[in-house]
Amino acid sequence: MKDFVWLIPTLPLAGFLILSLFKSFIPKGLSGYLATLAVVSSFIVVLNWFIPALRGELTPFTWVAWDWINLGKYHLNFAFQIDVLSIWFMAIITGIGSLIHLYSIAYMHDDDGITRYFSYLNLFIFSMLILVMGSNFVVLFAGWEGVGLCSYLLIGFWFKNNAYNDAAKKAFIMNRIGDLGFLLGMLLLFMHVGSLDYTTVLEQAPQVFHKNAGLITVITLLLFVGATGKSAQVPLYTWLPDAMAGPTPVSALIHAATMVTAGIYMITRTNILFDLAPITLDIVYYIGTATAILAALIGLTQNDIKKVLAYSTVSQLGFMFMALGMGAYSIAVFHVTTHAFFKALLFLGSGSVIHAMGGEQDIRYMGGLRHKLPITFITFLIGTLAIAGIPPLAGFFSKDAILAVAFEHSPIYWGIGVFAALLTTFYMFRMFFLTFFGSFRGSDKQKEHLHESPLLMTLPLAVLALLSFGGGFINIPHVFGGHQWFSHYLNQKSLVPLLGESSISVTTEYILMAIALILVMATILFTYISYVKKHNIPSADNSESTTLGYKLSYNKFYIDEIYHSIIVKPLHIASDTVFSFIEKYILDGIVKSIGLGVQKAGSGIRHIQSGSTNTYALFMILGVALVILIQIVL
Amino acid sequence: MKAIIFTSALGILAMISEIIGLKKIILPLLIVGLLLTIGVNIYTEWNYTQVYYGMMLADNYYVAFSTVLLSITVLWLLLSSESYLNEEYNRGDHYALILFSTVGGLLLVSFNNLATLFMGVEILSIPLYILAGSDKNNKYSIEASIKYFLLGSFATGIMLLGIALLYGATGTFDLGLIAQYNAKNMDNTLYYGGTLLLTLSFAFKVSAVPFHFWAPDVYTGAPTFITAFMSAFVKVAAFAGFYHFIQQAYLSIPLPMENTIILLSGATILVGNIAAVYQTDMKRILAFSGIAQAGYLLLLLPIQGELGKSSLLVYLIAYGIANLPAFYVLYKVSRIGGSTNLESFEGLGKKQPILALVLTLSMISLAGLPPAAGFFGKFYLFTLSINNGYLWSVLIAVIGSLISIYYYFKVIIRMYTSTESTTGDSSLSPSLQVYVTLVVLLVSILILGLFPDILVSIGRLL
């Protein structure tokens, strides 16, 4: 049995290789099915371990593919670690991945580059699997960079204009900053523990860092910087909303359900390290909270259906980091799971809407779509209710679990959490009502074009709606007579610590829940009144309101502009000054003079060459002199 | 010794091939000859350390690096064959010069006497001065040639001064005797000055900052395949010779020398990588990337012992096999697109998926990302450097590597950008032998990345 583990990543890899190498031989209609087949088969293999894991019968094991790096003292296997945590992520990746592949067959059917698109999707699934399956940091890093590359390729898939290009570039730079942190964290771990294997590192960390709290704080902070890059947290989140430039199913797969959870996976995997560094955990909590609130505030006024979802993703990721920061790792993974269900559902639903609207993404031009797109409407409603946290949908349980932990820490934490949840409810229902209620506000041509999406698209929607509806039941809290099955599931072999017995009484918990629920319902009612009853449609010229708050939110708090002026510009200036010396005056000058020389031909060439080479020779001699001078200093 | 004789003989054969009517079969003849040379060389010299006439030290280090150098020449001959069918170069003369340059490289990895060192450097360089200018109708090519020659002469001057100082201090050219002298007189300023000047002249050959100015211009001006040879072969030969020299000249490397090299390394990494970000021409990107790679390699020079040697071997092989295919793709693209500008790469993923895949993998390897060979090369090198106490240098190297991902990925993303043309361009298709070579290189990049133990275990025997 164990010997088939390699099939899990290899199947999507094979899909990628076949699709990219034999591109010209595969009919366009077939490529989607081939890619889907690869991921579905991978999912079936995953089930082999996933089902025993659900029953609590999985014996964790490490499958060594081969001895990868062997440098005497240092030893690293290319190995996969199968345990309850990794198998859970693998099931999400291949399961939701399969649905999104299926959906894409219909969504992308008339795109020229469909084969290329599916080959990237397969490559992405492969990289993501490597990321979660690896048994050490280096394999994780391989997957980490792999998903990054796929993400740029997919963002740039519709490379028709510069905006997409810029989006890819921004995602790229933000992730590099994150990677720097991650690499340095890895480097320090390696220096002090002498290994990058999870088992060794986690076993030895308590002894090694016992007396050195400062060091482990630095290491975990660096790892956390890596997580903020990949999981779009303040201050490295601005790339994620821009990354929505890619095709909608990609947004669903990468920028909602899988890749962005890599940071949460990494922190949960190394939770022993983070538990050793309480300061880091506090910072994780603050960053998570800041992200949850800031992104939600921006989401309030966005008019692009995908942008709203993108900011809601950032905000929900913030929730997950809040949970991590409070040491509730299993709750964070629980929210990852329910979020994967309802966010994939919402993105695919928005894809269905965009498909029907012929590419229109602005909710100001939609409205009344519930009659024309009944299945999309119902599934979207379920997704919206789930994200708003209405019982008994999935989002209710996971969000409530986070809020309960928050209350235990401090009522203020709880209040902040509820506030963020209310913001979420507001912008989600604003979008929902504007899209599906009222009268149609688009052009007549769009109106004629309106149609429900084909079965291949609605089927994944239905499955995801079902999961968003019932997904929360895996972790029913004690107050409802549940046993927090999921937290216990992750606690097998004490992989992820169980939360301590709740200190708040059952009555308090009921009251808190009721307050949160009443506030959420009130928010929904408020949005219903203002956007359905009063037809308060944001006007097309963005002058709906000129209050400061609206402006700030609509312009995303000018974060991009601030970044531009405090980071990009100084960098440009610095590089300009540094390179104007070498590049502009020396190299450029030479290039220019060469251009001149070509014109003058003959005598010119000789003249210029002696000129430029003189400069070079001068620099060489100055270099020698400098080095000799340095010798005196050294 | 045999390798040097055989290679020189093959060079002479190439030179007279036109006269004796072997022009058509000269390429297969040379390849078979070189492969035989590699075989004989390994068979007779491996584990059989010998000093030839006090001039040449044939140890395992020599065997390993001469095999790498000869293999690079073979791969170069295979990949460049198309350009000689298409363009009016004088094939025989080119091959002869390349083979003579190879001989220079072989001397550089085996010298046991400063006279041999000097000869090696000159035999390596002079044919390249000529080859850089071999595109006679292109002014940039001629300019590159003269620039390379003049600045190379400067470096030679510095090297000769260094050798003279060493001779003044020790009274001998023999490296064995020089090492003995060093063991007795640790703090001789004249001796130190001599080695320092030699170090700087090597720094020129490996294009370390601030002796790198020639590289971008010469790389851009020279014909693409000559640039490929310079960037792959010369860098490997120069580094192997550089390491050989530093290790032979000192029993333990003095602290100022160590710090000088570390400083050069940091400067080279930063300047190479940052300058590469601003380039829009692929040839220049590769030139600056070559400078940056030299920066990482410099970190290895003060590291003594088998670990340093094996890391050097791994890194140089990874670098060579990633660089050669990249230059091949660059050549192909410039043939069709008319320029080496990055824009010419747009849509390559559609037009020639194989070439795009080749370039993608070699870029990933140069960037040092798993699972390519370059990843392990960097991993090994950085680990060793940390153990040697160069934490800050490794920090700079890591930052440099992250910057480098930007320009390496820029090329990849360009290739997979959509363009209007959706059909395959058959004029870009490589010939069969090139195809096979590329596949071999691709597979080696992956195999060495996934199973680096193969090379490490060989490196341990050096």
Side-chain angles (χ1 to χ4, degrees), chain A residues 20-21 23-24 66-71 74 78 112-113 116 138-139 141-142 145 149 152-153 156-160 168 172-173 176 179-180 183-184 187 190-191 575 578-579 582-583 586-587 590 594 597-598 605 608-609 612-613 615-617 619-624 626-628 630-631 634, chain B residues 139-140 142-143 146-147 150-151 154-155 158 192 196-197 200 204 210-211 213-214 216-217 255-256 259-260 263-264 271 274-275 278 307 349-350 353-354 357 369-371 375-376 379-380 382-383 386 391 394-395 398-399 402-403 405-406 409 412-413 416-418 422 424 450-453 456:
Chain A
S20 51
L21 290 179
K23 202 182 294 181
S24 34
W66 67 84
D67 214 1
W68 189 11
I69 292 169
N70 195 353
L71 301 175
Y74 307 116
F78 196 101
D112 280 342
R116 194 159 55 102
V138 181
V139 179
F141 180 65
E145 290 299 324
L149 178 63
Y152 317 129
L153 289 174
F157 183 72
W158 282 331
F159 237 118
K160 303 272 158 59
F172 191 81
I173 292 168
R176 280 294 77 67
D179 285 358
L180 178 66
L183 270 180
L184 293 180
L187 208 71
F190 182 66
M191 275 175 68
S575 64
V578 170
F579 281 96
I582 297 169
E583 283 293 322
I586 300 169
L587 294 181
I590 289 154
I594 289 170
V598 174
I605 289 282
I608 287 135
Q609 261 152 18
S612 61
T613 318
T615 326
Y616 290 176
F619 271 99
M620 257 181 78
I621 298 308
L622 283 179
V624 173
L626 185 73
V627 171
I628 291 171
I630 289 172
Q631 302 306 309
L634 294 173
Chain B
K139 292 188 176 83
Y140 293 103
I142 297 167
E143 182 217 339
I146 294 177
K147 209 174 258 177
L150 284 176
L151 292 170
F154 265 74
I158 296 169
Y192 182 76
L196 184 69
L197 288 180
L200 295 183
F204 172 87
F211 310 103
F213 290 99
W214 61 276
D217 287 19
L255 195 63
N259 289 337
T260 308
L263 272 179
L264 287 180
V271 170
I274 296 174
Y278 290 85
L307 287 177
K350 251 183 198 168
I354 303 287
L357 186 70
L369 295 178
F375 162 72
F376 178 73
F379 181 86
Y380 195 4
F382 291 177
T383 319
I386 288 179
L391 182 62
V394 173
L395 196 70
V398 169
I399 294 173
L402 286 172
I403 298 174
I405 297 178
Y406 176 77
F409 273 27
I412 300 179
I413 293 172
Y416 294 100
T417 301
S418 320
T422 47
L450 294 174
F451 308 99
D453 255 10
V456 175

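Please read all numbers here as calculations on a predicted model, not as lab measurements.
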- prompt: Partners of B:Phe211 by ring-ring contact (aromatic ring centres under 6.0 Å, His included), sequence neighbours excluded?
  reply: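 Once residues adjacent in sequence are excluded, B:Phe211 has no partner under the ring-ring contact (aromatic ring centres under 6.0 Å, His included) criterion.
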Side chain / backbone / both / neither for [X] at chain A, heavy atoms under 4.5 Å:
| X | value |
| --- | --- |
| B:Phe375 | side chain |
| B:Phe409 | side chain |
| B:Ile403 | neither |
| B:Leu369 | side chain |
| B:Leu391 | side chain |

Any non-hydrogen side-chain atom of [X] less than 4.5 Å from a side-chain atom of [Y]?
| X | Y | answer |
| --- | --- | --- |
| B:Phe451 | A:Asp67 | no |
| A:Phe619 | B:Pro210 | no |
| A:Leu21 | B:Leu357 | yes |

task: Mind ranking A:Val138, A:Val624, A:Leu622, A:Leu626 by heavy-atom pairs under 4.5 Å with chain B and telling me who comes out on top?
output: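 Among the listed options, the one with the most contacts to chain B is A:Val624.
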Below 4.5 Å from any heavy atom of chain B, which atoms of [X] appear? Answer side chain, backbone, both or neither.
| X | answer |
| --- | --- |
| A:Met620 | both |
| A:Leu183 | side chain |
| A:Ile621 | side chain |

Got a second to check how far [X]'s [atom1] is from [Y]'s [atom2], nearest 0.5 Å?
| X | Y | atom1 | atom2 | answer |
| --- | --- | --- | --- | --- |
| A:Trp66 | B:Asp453 | CH2 | CG | 12.0 Å |
| A:Asp179 | B:Ile405 | CG | CD1 | 6.5 Å |
| B:Phe379 | A:Phe190 | CZ | CZ | 5.0 Å |

query: Counting only heavy atoms not in B:Tyr192, do more than 12 sit closer than 6.0 Å to its OH atom?
result: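 Yes, enclosed.
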For a quick test of reading the model, state the closest non-hydrogen atom pair linking [X] to [Y] and the distance between them.
| X | Y | result |
| --- | --- | --- |
| A:Trp68 | B:Leu450 | CD1-O, 2.9 Å |
| A:Ser20 | B:Pro353 | O-CB, 4.1 Å |
| B:Leu402 | A:Arg176 | O-CD, 3.3 Å |

- prompt: Between B:Val398, B:Thr260, B:Ile158, which has the largest tally of heavy atom pairs under 4.5 Å with chain A?
  reply: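 Going by pairs under 4.5 Å, I would pick B:Thr260.
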- request: Among the options B:Val456, B:Leu197, B:Leu200, B:Leu307, pick out the one with the most heavy-atom pairs lying under 4.5 Å from chain A.
  value: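 Maximum pair count with chain A is reached by B:Leu200.
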